[in-house]
Amino acid sequence: MNTGGPSTDDLREHYRRLIDKHGLSVVMCWTVLVPEDRTASFLLEEVGARLSGGTLHELHEAAPLSAMVPCDGDTYPVVVDRSGSAIALFEYDYLGSSLPVLQRLSQGARVYSAWWNVNFHNRLCFAAGGELILTVDAFFPGSPDHHPGLAQWPELAAMTDFFTEFKEEDEDDEDDDDYDGYDWMAAWLTVIDQTTGARLTTEWFQTEHPYVTVCMPDAAR
């Protein structure tokens with residue numbers, strides 16, 4: 001957990017502004033790997049191999065994020081860069097949130113991923129030891145009791161205002177707005193930040209990063 005840093009409210013406001021400034025509400029996936037051995041870190045090439053499932057892939061030198069826009073072909077770019085002992089992956093699609101990739105990335109690591117797209121399909125995921133521990137849909141988060149693996153992610157468990165049950169709409173109850181307007185995108189990025197110590201900032205978006213290209217159909221299997 002990232003202790004001694006900004007408060008949860010401050011981080012949420014930071015991510016609200018970041019999402020607005022960089023147009024991230026349309027689509028993004030942020031995935032952070034934390035090695036079980038905090039004194040070690042994965043090689044970027046190793047992460048690329050896991051991401052691709054051992055299929056054809058290539059690690060590229062640092063480049064601006066404008067180079068990471070998916071093209072029409074099978075070649076698919078994903079930022080793979082260090083954040084302390086963690087590895088942060090960033091993309092404009094969903095690869096880092098897919099089950100096979102999470103299982104591969106989480107061998108010897110704890111992996112946290114937030115993904116959404118323009119149609120508001122979304123997943124918040126946590127995997128460890130090659131297994132998916134937890135997945136949450138922002139629009140149907142349920143209650144903590146619905147997520148047996150939640151205890152293994154204490155930072156998310158502490159975010160009690162996120163697990164709000166939807167209620168039957170009552171036209172006569174104008175105050176029934178428990179979930180209306182809740183900024184779940186900022187909340188998701190906040191909890192990954194607090195858990196891993198990795199942080200997205202405007203400076204990060206303006207910096208060049210190494211990236212991996214993979215064959216999307218093969219890597220997602």
Side-chain angles (χ1 to χ4, degrees), residues 1-44 47-48 51 62-69 77-97 101-102 105-106 109-117 122-128 134 136 138 152-159 161-162 182-212:
M1 182 174 180
N2 186 25
T3 59
S7 69
T8 297
D9 288 344
D10 287 344
L11 269 181
R12 287 189 183 184
E13 182 59 28
H14 162 76
Y15 281 114
R16 286 188 194 102
R17 293 178 178 178
L18 193 77
I19 289 167
D20 288 342
K21 181 173 183 178
H22 297 282
L24 302 178
S25 62
V26 177
V27 61
M28 66 161 282
C29 183
W30 187 36
T31 306
V32 181
L33 291 72
V34 180
E36 290 290 359
D37 180 358
R38 289 291 190 119
T39 65
S41 185
F42 296 112
L43 298 174
L44 297 187
V47 176
L51 189 66
L65 285 182
S66 58
M68 314 305 166
V69 178
V78 181
V79 170
V80 180
D81 206 353
R82 300 189 183 280
S83 182
S85 62
I87 301 289
L89 286 67
F90 182 88
E91 55 183 300
Y92 293 108
D93 215 321
Y94 70 92
L95 187 60
S97 73
V101 171
L102 287 169
L105 292 177
S106 65
R110 297 166 67 87
V111 180
Y112 307 86
S113 180
W115 164 74
W116 57 78
N117 68 14
N122 66 87
R123 281 192 295 271
L124 178 67
C125 300
F126 164 48
L134 176 72
V136 180
Q152 298 184 54
W153 191 351
E155 293 82 5
L156 181 61
M159 195 176 281
D161 60 341
F162 177 75
Y182 186 86
D183 196 337
W184 56 271
M185 294 180 182
W188 282 11
L189 301 187
T190 293
V191 75
I192 292 177
D193 181 318
Q194 290 177 319
T195 305
T196 66
R199 181 162 300 160
L200 293 174
T201 64
T202 290
E203 290 73 24
W204 190 93
F205 279 92
Q206 295 172 342
T207 301
E208 295 185 348
H209 301 278
Y211 68 103
V212 170

> Between Leu18 and Leu200, is a side chain to side chain contact (heavy atoms under 4.5 Å, CB included) present by the stated rule, with each step listed?
Replying inline: CA-CA 8 Å; Leu18 193 77; Leu200 293 174; 3.6 Å; yes
>> Quick check: do Tyr211 and Val78 have side-chain heavy atoms less than 4.5 Å from each other?
In response: no
> Are side-chain heavy atoms of Leu11 and Val191 found at a separation under 4.5 Å?
Replying inline: no
> Are the side chain of His22 and the backbone of Asp20 linked by a donor-acceptor contact shorter than 3.5 Å?
Replying inline: no
> Stepwise, does the side chain to side chain contact (heavy atoms under 4.5 Å, CB included) test hold for Phe162 with Val136?
Replying inline: CA-CA 10 Å; Phe162 177 75; Val136 180; 3.4 Å; yes
> Just by distance, do the side chain of Trp116 and the backbone of Leu24 share a donor-acceptor pair under 3.5 Å?
Replying inline: yes
>> Apply side chain to side chain contact (heavy atoms under 4.5 Å, CB included) to residues Leu156 and Thr195 and explain how you reach the verdict.
In response: CA-CA 8 Å; Leu156 181 61; Thr195 305; over 6 Å; no
>> Do Thr8 and Gln194 make a side-chain contact, defined as non-hydrogen atoms from C-beta onward lying under 4.5 Å apart?
In response: yes
> So how far is it from Arg123 CZ to Leu134 CG, rounded to the nearest 0.5 Å?
Replying inline: 13.0 Å
> In terms of heavy-atom contacts, does OH of Tyr94 have more than 12 from other residues, nucleotides or ligands at under 6.0 Å?
Replying inline: no
>> So, applying side chain to side chain contact (heavy atoms under 4.5 Å, CB included) with Ser113, which one of Ile192, Thr31, Val101 is it?
In response: Thr31
> Using the benzene-type ring in the case of Trp, are the ring centres of Trp188 and Tyr15 under 6.0 Å apart?
Replying inline: no
>> Are the side chains of Val80 and Pro210 in contact, using a 4.5 Å heavy-atom criterion?
In response: no
> Which one of Leu51, Leu95, Val79, Val32 satisfies the side chain to side chain contact (heavy atoms under 4.5 Å, CB included) criterion with Leu89?
Replying inline: Leu51
>> Within the structure provided, determine whether Ser25 and Met185 are in side-chain contact (heavy-atom separation under 4.5 Å).
In response: yes
> Under the 3.5 angstrom rule, does the side chain of Ser7 hit a backbone N or O of Asp10 as a donor-acceptor pair?
Replying inline: yes
>> Under 6.0 Å between ring centres: does that hold for Trp153 and Tyr112?
In response: yes
>> Working to the nearest 0.5 angstrom, can you tell me the gap between Ser97 OG and Trp30 CH2?
In response: 15.0 Å
> Out of curiosity, His14 NE2 to Asp9 CG, how far, rounded to the nearest 0.5 Å?
Replying inline: 14.5 Å
> Tell me, do Glu91 and Met28 make a side-chain contact under 4.5 Å, heavy atoms counted?
Replying inline: no
>> Nearest 0.5 angstrom please: Leu105 CG to Cys125 SG, how far?
In response: 11.5 Å
> Charged N to carboxylate O under 4.0 angstrom, Arg12 versus Asp193?
Replying inline: no
>> Are Phe90 and Trp204 packed together at the side-chain level, in the sense that at least one heavy-atom pair is separated by less than 4.5 angstrom?
In response: yes
> Just wondering, do Phe126 and Gln152 contact through their side chains at under 4.5 Å, heavy atoms?
Replying inline: yes
